[in-house]
Visitor: 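Below is a structure I'd like to ask you about.
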Number of protein chains: 2
Amino acid sequence: MVQKRKGTVAKAKPEVPAEPKRRGRPRAYEPDVALGQVLAVFRRDGYAATSLDDLSAVTGMNRPSLYGAFGDKRALYIKSYQRYREDYTAPMVDIFKADIDIRERLRRFFEVALDIYLSGEQPRGCFTVMTVASDAIADPEIRALVHQGFADVDDAFGWCFRTAVKRGELPAATDIAVLSQMASATLYSLAVRARAGVPRTELQAIANGAVSILCRAVA
Amino acid sequence: MVQKRKGTVAKAKPEVPAEPKRRGRPRAYEPDVALGQVLAVFRRDGYAATSLDDLSAVTGMNRPSLYGAFGDKRALYIKSYQRYREDYTAPMVDIFKADIDIRERLRRFFEVALDIYLSGEQPRGCFTVMTVASDAIADPEIRALVHQGFADVDDAFGWCFRTAVKRGELPAATDIAVLSQMASATLYSLAVRARAGVPRTELQAIANGAVSILCRAVA
DNA sequence: TCTTTTTTGTACCATTTCGCATTAAATCCC
DNA sequence: GGGATTTAATGCGAAATGGTACAAAAAAGA
């Protein structure tokens, strides 16, 4: 039971942006928390291997509540995917804001990625890769999300390399598109190897090697 | 019905290495063919989303026959994985034997990979990546196969770069391990994007870009 | 022809899965 | 307090799933 404040000083403190004093029986769960738990299971087992009972168990919600709150399994997966993306854009934005050179920026980028991929007791990898590798990729809406994910990552790296060129860290003739896709490739490779159980030190070595190749001066 | 020769000139021509005139009712299927069909379904839908009924349907074998021939679903998956690896080592070996420079060798490597990843009416991607991204990766034996797959690919690229150094195409100081892992990363990236529906021309551009980065002379 | 051997094909079982219908509970508004 | 409203909880039902038992079929060998 989570009850937050009981109608004492309600007026002065809005807390959450909108809490319009709902009418009926109060929810026994926090939608955000539940979705986070759902995401964790999807990340562990993938789309097909996850049953609604699994999600019911992990959230403590029974199936009808789950259904009422989020919709069917497909809707739950899509919401989980969006949640995943939201969760991990914040730490990435920090890296963009930092006044650092391209090597350090890439290093931090891969470091955060490894945090994500290795989270949990068992390494989870990347939700996007898991989605692509599942039968869920046959779904047009999900495929569109994945494509957006690709583009966002490519663009993020593109910004990094473009900024590096502006700062004079890389030559003007740098092929930004190619480097970005190579950096993205490194990311997917880390995701795959991480989920397969490759230890973090080894993954860091791969990331470091990638940085040195991607940032070395051309002849 | 496939019957090959009936006891006419059996002695002179062994055809298949061992066909010891089996005793009971003849099989109504060709194990190799069936396993190929099983592989195709696993590649399309992944481990969890594939049911024994699906496999029964595609092979034309009923479930008990399937079970008797290959074992349970897990055994079927492992055998499919091994079959996948076997199927695609031959074309790779050809690339090793060819007397070509590193750029051409990598180009062909990625070309064959794209043939694999884009095979079928719907792009299938890489079995290894699909396995990693599924819940099957929790299985130690399957995980061992995946790790072997990683190592084999890294080693194959390693041989390519080592040979290139020997041939004077790359400087002696080349970090072969790093380049190999980058090439592997490119491969996984192609696999992921291919399965997500990225068109071949775009994938080829990525591959070409990777080749130019991996083979450019250092400063 | 009759037995033995191997596979096929049908049927079955226990469990899981998804989805929904219905009832019980908890809160707000009057 | 009484109705309205929203959610929780139980449970049903139809279909799918993995796996197996058992009898029929098709071949070889005696």
Side-chain angles (χ1 to χ4, degrees), chain A residues 1-8 10 18-35 37-38 41-42 45-78 80 134-136 139, chain B residues 1-8 10 18-35 38 41-42 45-80 134-136 139:
Chain A
M1 215 197 300
V2 185
Q3 67 172 20
K4 32 171 125 176
R5 82 199 152 89
K6 34 174 155 178
T8 47
E19 189 171 2
K21 219 51 179 168
R22 305 185 62 85
R23 192 86 189 291
R25 176 172 175 169
R27 279 196 284 247
Y29 59 90
E30 210 65 43
D32 286 348
V33 175
L35 190 56
Q37 294 162 326
V38 165
V41 175
F42 273 137
D45 295 338
Y47 182 70
T50 301
S51 72
L52 288 188
D53 277 339
D54 294 335
L55 301 179
S56 177
V58 76
T59 56
M61 301 165 65
N62 37 42
R63 271 206 312 288
S65 295
L66 209 53
Y67 203 85
F70 303 106
D72 64 2
K73 188 177 168 181
R74 177 177 170 280
L76 259 156
Y77 192 77
I78 291 175
S80 292
S134 75
D135 59 316
D139 186 298
Chain B
M1 217 195 303
V2 185
Q3 68 172 20
K4 32 172 117 173
R5 80 191 156 91
K6 37 175 158 178
T8 46
E19 190 172 1
K21 215 55 177 167
R22 303 186 59 86
R23 190 90 190 288
R25 176 171 176 170
R27 279 195 286 248
Y29 59 90
E30 209 65 42
D32 286 349
V33 175
L35 188 57
V38 165
V41 176
F42 273 135
D45 295 337
Y47 182 70
T50 300
S51 72
L52 287 188
D53 278 337
D54 294 335
L55 301 179
S56 178
V58 75
T59 56
M61 302 166 64
N62 37 41
R63 275 207 309 288
S65 295
L66 209 52
Y67 203 86
F70 303 107
D72 64 3
K73 188 178 170 182
R74 178 177 169 280
L76 256 153
Y77 192 76
I78 290 175
K79 287 190 170 69
S80 293
S134 75
D135 58 318
D139 186 297

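Each chain gets a letter, A, B and so on, in the order the sequences are listed, and its residues count up from 1.
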Visitor: Quick one: do the A/Asp54 and A/Ser51 side chains pair a donor with an acceptor below 3.5 Å?
Guide: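 Yes, a side-chain donor-acceptor pair sits under 3.5 Å.
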Visitor: Would you say B/Ser65 places a side-chain N or O within less than 4.0 Å of OP1 or OP2 belonging to C/dT7?
Guide: no
Visitor: If I take atom CZ in residue A/Phe70 and atom P in nucleotide C/dC18, what distance separates them, rounded to the nearest angstrom?
Guide: 16 Å
Visitor: D/dT20 P sits how many Å from B/Leu66 CG, rounded?
Guide: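 That distance rounds to 13 Å.
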Visitor: If only side-chain N and O atoms of B/Asn62 are considered, is one of them under 4.0 Å from the OP1 or OP2 phosphate oxygen of C/dT8?
Guide: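 Answer no for this pair, as no side-chain N or O of B/Asn62 is under 4.0 Å from OP1 or OP2.
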Visitor: Return a single string for nucleotides 11-19 of chain D, one symbol per nucleotide in 5' to 3' order, where B is base contact, S is sugar-phosphate-only contact and - is none, cutoff 4.0 angstrom on heavy atoms.
Guide: ------SBB
Visitor: A side-chain contact here means heavy atoms from C-beta on lying under 4.5 Å apart; do A/Leu52 and A/Leu76 qualify?
Guide: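 Of all side-chain heavy-atom pairs linking A/Leu76 with A/Leu52, at least one is under 4.5 Å.
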Visitor: Could you tell me which residues satisfy side chain to side chain donor-acceptor pair (under 3.5 Å) with A/Asp72, sequence neighbours excluded, listed by chain and number?
Guide: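 Per chain and number, A/Asp72 pairs via side chain to side chain donor-acceptor pair (under 3.5 Å) with no residue.
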Visitor: Verify whether one side chain among B/Asp53 and B/Ser56 offers a donor that lies under 3.5 Å from an acceptor in the other.
Guide: no
Visitor: Of all the nucleotides listed (D/dA8, C/dT27, D/dA26), which has the minimum atom distance to the side chain of B/Arg25?
Guide: D/dA26
Visitor: According to ring pair (Phe, Tyr, Trp, His ring centres under 6.0 Å), who are the partners of B/Tyr47, at least two apart in sequence or on a separate chain?
Guide: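 Partners of B/Tyr47 under the ring pair (Phe, Tyr, Trp, His ring centres under 6.0 Å) test: B/Tyr77.
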Visitor: Provide the closest heavy-atom pair for B/Ala34 versus B/Thr59 in the form atom of the first, atom of the second, distance.
Guide: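 That would be O-CG2, 3.6 Å.
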Visitor: Within this structure, what is the CE-to-P distance between A/Met61 and D/dA8, rounded to whole angstrom?
Guide: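 Between P of D/dA8 and CE of A/Met61: 6 Å.
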Visitor: Give a yes/no on whether any side-chain N or O of A/Arg27 is located under 4.0 angstrom from OP1 or OP2 of D/dT7.
Guide: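 Checking D/dT7 against A/Arg27, a side-chain N or O does come within under 4.0 Å of OP1 or OP2.
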